[in-house]
Protein chains: 2
Amino acid sequence: MTDMRTKLAIEAGYLFQKKGYNGTGISEILAKVGVPKGSLYHYFPNGKSDLALAAAEIATAEVLRIIDASFANAKDYSDGVTTFCYKLAKYFDIHKGDIGCPVSATLHGGPDNAIFKSALDKTFTQWMDRLAAYATQLGQNEKDAMFNAQRLFLSLEGAWTLARARRDSDVIRELPAFVT
Amino acid sequence: MTDMRTKLAIEAGYLFQKKGYNGTGISEILAKVGVPKGSLYHYFPNGKSDLALAAAEIATAEVLRIIDASFANAKDYSDGVTTFCYKLAKYFDIHKGDIGCPVSATLHGGPDNAIFKSALDKTFTQWMDRLAAYATQLGQNEKDAMFNAQRLFLSLEGAWTLARARRDSDVIRELPAFVT
DNA sequence: CTGCCAGTAGACCGACCGGTCTATTATATT
DNA sequence: AATATAATAGACCGGTCGGTCTACTGGCAG
């Protein structure tokens, strides 16, 4: 079983994605995990903000894993993108369409802390770099690869926003038509 | 001078864009406008949520005005898009890069109220329809027009998110390269 | 002048916020 | 068994939240 620190961060991340940083109370997270306050501040001495950073880190890695899984057996870039969007749409649906981009929902709206902003920037860059790496690996020159990766990322963030407003993941699934 | 109701909604909207619905306190809005609580609940008997809906309505209309202004003298669709992105980047910069999409920042993270979600959806649809109308007017067939409008919108929401994380509006200004 | 009412003003409310603190229990080490 | 440390448990804190309520003010209508 995952250790308690991870368990807390995962549950916190899920709630942040759904209701945002300010919309999620410490006590709510605690209740979901079934843990008293003492434990939280034992694992996260700096409290809520550390919890959010840890949650964002986990979500960042999770999306990277999804990218890897999507491109593992991809015939070409377009194929990988399609699988990727399908997987994200499924993730969206699992949570009943009431969930934002795992990382931006968590870190935006938090303390206007520069740390939060730069963590967000770093995450986005990591995602785009990983996508670009697969594009390169699948035959694109570096310039095209970066261009396509950025275009995918930008559209994806928008698609996620629109999907949430509509409570309908179709726009995420249809994304490949817009970016390939 | 604008009436007090509008004044309250505008200031509230600005704060919601910056810190989100849950991150903005009633008292903070009141302090900025210089008005006591009694007045707020006189103009908005349902309190904060009504204030947010009014703010979103104003922001929705404002973006439509920006679209109109961008396409008023546009030679072609690409030209209008470029002007539009430029104007939005400027708007972003005016607020020191610490501001989200005027409407989604206000309505996401609010009460999970269906009214909020559907208002958000309606706003997005209005924006895309308006963009598509200009695309049609400038020579595109209806299918292409809707396709391009949606692609622009999706990328724009993403670009705004990325710009905010980076505190740099360049990605918004460079958007036309991705969607035309 | 009188009565009415939109609007102003802010004290006040219970609920909840994030965070601290002390006490207790489980676990590992010697 | 004795001790140290990790972890649990939750009472408690001051502050702030959104919202209600009463009192007052100013201008307009009769």
Side-chain angles (χ1 to χ4, degrees), chain A residues 1-57 105-116 119, chain B residues 1-56 105-117 119:
Chain A
M1 192 52 190
T2 56
D3 64 302
M4 189 55 67
R5 198 185 135 90
T6 306
K7 215 166 158 184
L8 276 165
I10 288 176
E11 187 59 42
Y14 171 62
L15 285 169
F16 287 148
Q17 287 161 39
K18 222 171 69 173
K19 326 214 282 174
Y21 182 86
N22 286 305
T24 306
I26 294 278
S27 58
E28 194 181 355
I29 299 166
L30 262 17
K32 278 249 179 186
V33 183
V35 146
K37 240 173 202 184
S39 297
L40 171 63
Y41 283 89
H42 172 76
Y43 294 110
F44 297 95
N46 289 336
K48 197 182 186 184
S49 61
D50 272 10
L51 192 51
L53 288 172
E57 221 170 283
T106 298
L107 295 184
H108 268 146
D112 59 1
N113 200 334
I115 297 173
F116 272 48
Chain B
M1 194 53 192
T2 54
D3 65 303
M4 189 56 67
R5 200 185 135 90
T6 306
K7 216 166 157 184
L8 276 165
I10 288 176
E11 187 59 41
Y14 172 62
L15 285 169
F16 287 148
Q17 288 161 40
K18 221 170 72 174
K19 326 212 283 173
Y21 182 85
N22 286 304
T24 306
I26 294 278
S27 58
E28 195 180 355
I29 299 166
L30 262 17
K32 279 249 180 188
V33 183
V35 146
K37 241 175 203 186
S39 296
L40 171 63
Y41 284 88
H42 172 75
Y43 294 109
F44 297 94
N46 289 336
K48 199 183 185 182
S49 61
D50 271 9
L51 192 50
L53 289 171
T106 298
L107 295 184
H108 268 146
D112 58 1
N113 199 333
I115 297 174
F116 271 49
K117 290 284 196 303

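Reckoned from all heavy atoms, side chains included, excluding hydrogens, waters and symmetry mates. These figures come from a predicted structure and were not determined experimentally. Labels below follow one simple rule: chain letters A, B, ... track the order of the sequence lines, proteins then strands, and each chain is numbered from 1.
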Checklist entry - What is the distance from CD1 of B/I26 to P of D/dG18, rounded to the nearest Å? => result 5 Å
Next on the checklist: Is it the case that the side chain of B/T106 and the backbone of B/F16 share a donor-acceptor pair, with hydrogens and angles ignored and the cut-off at 3.5 Å?
Outcome noted: no
Next on the checklist: Between P on D/dA6 and CG on A/D3, what's the gap in Å once rounded to a whole number?
Outcome noted: 15 Å
Next on the checklist: Can you give me the first and the last nucleotide of DNA chain C (5' to 3') that has an atom within less than 4.0 angstrom of a non-hydrogen atom in chain A?
Outcome noted: C/dC17 to C/dT20
Item to check | Distance, nearest 0.5 Å, that separates CG of A/N46 from OH of A/Y41 | outcome: 9.5 Å
Item to check | Closest approach of A/L107 to A/A119 (non-hydrogen atoms, all atoms of both residues) | outcome: CD1-CB, 4.0 Å
Item to check | Most 5' of B/V35 and A/G25 on DNA chain C, judged by nearest nucleotide | outcome: B/V35
Item to check | DNA chain D contacts made by residues 41-49 of chain A, counting heavy atoms under 4.0 Å | outcome: A/H42, A/Y43
Next on the checklist: Strictly distance-based, threshold 3.5 Å: is any side-chain N or O of A/E28 a donor or acceptor partner for the main-chain N or O of A/T24?
Outcome noted: no
Checklist entry - Of A/T24 and B/S39, whose nearest nucleotide on DNA chain C comes first from the 5' end? => result B/S39
Next on the checklist: Nearest whole Å is fine: how far is D/dA6 P from A/L40 CG?
Outcome noted: 18 Å
Next on the checklist: Using modelled atom types and a 3.5 Å cut-off, is there a donor and acceptor pairing between side-chain atoms of A/K48 and backbone atoms of A/Y21?
Outcome noted: yes
Next on the checklist: Just to be sure I understand the rule, does B/G38 reach a base, reach only the sugar-phosphate, or reach nothing, if contact means heavy atoms closer than 4.0 Å?
Outcome noted: base
Next on the checklist: Could you tell me how far apart A/N22 (CG) and D/dG18 (C1') are, to the nearest whole angstrom?
Outcome noted: 15 Å
Checklist entry - Are the side chain of A/Q17 and the backbone N or O of A/G13 linked by a donor-acceptor pair below 3.5 Å? => result yes
Next on the checklist: Distance check needed: D/dT8 C1' versus A/M4 CE, whole Å only.
Outcome noted: 10 Å
Checklist outcome for this item: Taken to the nearest whole Å, NZ/B/K37 to P/D/dT16 is 13 Å
Item to check | Backbone N/O of B/G20 and side chain of A/N22: donor-acceptor pair under 3.5 Å | outcome: no
Checklist outcome for this item: Between the CG atom in B/L40 and the CG atom in B/L51, the distance rounded to the nearest 0.5 Å is 6.0 Å
Next on the checklist: Distance check, rounded to the nearest 0.5 Å: A/L15 atom CG versus A/K19 atom NZ?
Outcome noted: 6.5 Å
